[in-house]
Every structure is written in C-alpha cells, then in structure tokens.
Amino acid sequence: MVVHMMDDTEQKLTALGLSLPVRPTPIASFVPFRVARDIVYLAGQTCELDGRMVYSGCVEEEVTFDAARHGAELCALNLLSALREACDGRLDRVARCLRVGGFVQARSGYPRVPAVIDGASELFIALWGDEGRHARTAVGVATLPLNATVEVDAIFELRSTPRG
C-alpha cells in the first residue's frame with residue numbers, strides 16, 4: 001500500500017478546510033493533463049465529486065450564485081487532483097498558475113460570470129499568493145458536459161524540483 005505524504009501546498013488546503021477529491025475520470029476522448037517541459041496543461045474539470053455532478057443547470061435559475069461559485073472551487077480542487085498526478089504527487093513543484101479558463105452555464109447576458117469563476121481563482125491565490133495570480137477568461141455558455149453549472153481549465157508552470 002502506498003501512503004501519500006502531504007506537502008506544504010496540501011497542508012495549506014487542509015488549513016483552508018479543503019481536501020483533494022479523487023480526480024474524475026474523463027468522459028470522452030481526452031486525457032486529464034499533458035506536460036510539456038515545465039508546463040502542465042489541465043483539461044477542463046466540472047463540479048463533479050465522487051462520480052456525481054454536484055451542481056447542474058443554469059446559474060441563478062436552477063443553481064444559486066453562491067452554489068455556482070462553490071462549484072468553481074470544486075472544479076479547482078478537481079484540477080489540483082490532476083495537477084498533483086502531473087507533478088508526481090508533489091504540488092510543491094508548482095511554480096505558478098499561468099492561466100485559467102472558466103465556463104459558466106448561464107442565460108444570455110448574465111453579468112456575474114467572472115464572479116462565479118473567482119471561486120476557482122481565489123483558491124489558487126490562497127495556495128500560492130502572487131504566484132497563484134493568473135491570466136483568465138470567463139465565459140457564459142448555454143450548456144456544459146453532463147449539464148454541469150461550471151467547468152474550469154488551467155495551465156501551470158512547474159519547478160524542476162519541489163520547494164524545501
């Protein structure tokens with residue numbers, strides 16, 4: 001049996017009252033991440049937990065704003081699970097978050113899409129400070145996979161060795 005030791009980044013997550021879920025299995029023909037040199041490209045993750053879509057439907061219609069924002073945080077946790085795999089189990093290898101793309105199922109003209117995606121962005125900033133700040137796109141869409149309320153993807157830069 002392999003025992004996973006928490007690194008500093010995972011300890012910060014614990015201090016925030018959060019933990020990494022089991023990474024969802026892709027539902028189509030793609031991989032959860034791809035590493036090119038020191039860059040990790042993470043496929044979009046929805047607000048799924050334990051094989052169940054936690055938040056589904058349109059924000060402010062079937063799902064409250066606060067729930068959608070929490071859904072974005074859950075997407076970020078799923079991304080971090082995939083990122084940990086890409087880092088050979090060591091999130092301390094992360095140098096910085098470069099870019100986040102966020103998608104929110106919303107009616108046409110919904111103005112709070114960026115504030116929903118802040119649920120993901122603010123987690124990365126809480127974990128890595130200024131190195132967690134990133135370029136970002138936040139888009140309202142008519143539908144997402146499995147009727148998810150939110151989907152987020154990200155790009156991270158790695159160090160060759162973990163901190164410390």
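Basis for what follows: all heavy atoms, side chains included, without hydrogens, waters or symmetry-related copies. The shown structure was predicted, so the numbers you read here are calculated from the model rather than taken from an experiment.
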Among the clusters formed by ILVMFWY side chains lying less than 4.5 Å apart, do [X] and [Y] turn up in the same one?
{"X": "F103", "Y": "L77", "result": "no"}
{"X": "L74", "Y": "V150", "result": "no"}
{"X": "V139", "Y": "L144", "result": "yes"}
{"X": "F124", "Y": "L16", "result": "yes"}
{"X": "F33", "Y": "I39", "result": "no"}

Tell me if a side-chain donor or acceptor on [X] pairs with a main-chain N or O of [Y] at a distance below 3.5 Å.
{"X": "D118", "Y": "S121", "answer": "no"}
{"X": "R133", "Y": "L98", "answer": "no"}
{"X": "T64", "Y": "E60", "answer": "no"}
{"X": "S56", "Y": "A148", "answer": "no"}
{"X": "N78", "Y": "P21", "answer": "no"}
{"X": "T149", "Y": "Y55", "answer": "yes"}

How long is the span from the [atom1] atom in [X] to the [atom2] atom in [Y], to the nearest 0.5 Å?
{"X": "C75", "Y": "L49", "atom1": "SG", "atom2": "CG", "result": "11.5 Å"}
{"X": "I125", "Y": "D130", "atom1": "CD1", "atom2": "CG", "result": "8.5 Å"}
{"X": "F65", "Y": "R112", "atom1": "CZ", "atom2": "CZ", "result": "4.0 Å"}
{"X": "L42", "Y": "R34", "atom1": "CG", "atom2": "CZ", "result": "12.5 Å"}
{"X": "R84", "Y": "L20", "atom1": "CZ", "atom2": "CG", "result": "5.0 Å"}
{"X": "L18", "Y": "L127", "atom1": "CG", "atom2": "CG", "result": "8.0 Å"}

task: Go through the steps to decide whether T46 and M53 satisfy the test side chain to side chain contact (heavy atoms under 4.5 Å, CB included), and finish with yes or no.
output: CA-CA 8 Å; T46 61; M53 193 61 63; 3.4 Å; yes

Exercise: identify the closest heavy-atom pair between [X] and [Y]:
{"X": "A86", "Y": "V35", "value": "CB-CG2, 4.0 Å"}
{"X": "A154", "Y": "L79", "value": "CB-CD1, 4.2 Å"}
{"X": "L158", "Y": "C87", "value": "CD2-SG, 3.4 Å"}
{"X": "P26", "Y": "P32", "value": "CG-CD, 3.9 Å"}

task: Answer yes when D92 and R90 have at least one side-chain N-carboxylate O distance shorter than 4.0 Å, and no when they do not.
output: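 Salt bridge: yes.
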
Note: D66-R69 ion pair, threshold 4.0 Å (strictly below):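 Between R69 and D66 there is no salt bridge, as every charged N stays at least 4.0 Å from the carboxylate O atoms.
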
4.5 Å side-chain heavy-atom contact, [X] and [Y]:
{"X": "Q105", "Y": "E151", "value": "no"}
{"X": "D38", "Y": "R159", "value": "no"}
{"X": "V22", "Y": "S81", "value": "no"}

task: Take V59 and Y110, measure what side chain to side chain contact (heavy atoms under 4.5 Å, CB included) needs, and give me the verdict at the end.
output: CA-CA 9 Å; V59 66; Y110 181 69; 3.6 Å; yes

- request: For E157, enumerate each residue passing the salt bridge (Lys or Arg N to Asp or Glu O under 4.0 Å) test, keeping only those at least two apart in sequence or located in another chain.
  value: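 So E157 forms a salt bridge (Lys or Arg N to Asp or Glu O under 4.0 Å) with R96.
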
- request: Output, in order, the C-alpha distance, side-chain angles, deciding distance and verdict of side chain to side chain contact (heavy atoms under 4.5 Å, CB included) for L123 and L80.
  value: CA-CA 10 Å; L123 178 56; L80 291 172; 4.1 Å; yes

Between F156 and Y41, ring centroids under 6.0 Å: no

Member of V152, I155, D153 meeting the side chain to side chain contact (heavy atoms under 4.5 Å, CB included) criterion with V100: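 Output: one option passes, namely V152.
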
message: Walk me through whether R107 and E61 qualify under side chain to side chain contact (heavy atoms under 4.5 Å, CB included).
response: CA-CA 9 Å; R107 73 183 186 299; E61 291 179 16; 3.5 Å; yes

message: Under the criterion salt bridge (Lys or Arg N to Asp or Glu O under 4.0 Å), I'd like the reasoning laid out for R93 against D7: C-alpha separation, chi angles, the key distance, then a yes or no.
response: CA-CA 10 Å; R93 286 195 54 209; D7 60 25; over 6 Å; no

query: Looking just at side-chain N and O atoms, do R99 and T137 make a donor-acceptor pair shorter than 3.5 Å?
result: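 Looking only at side-chain atoms, T137 and R99 do form a donor-acceptor pair, the distance falling under 3.5 Å.
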
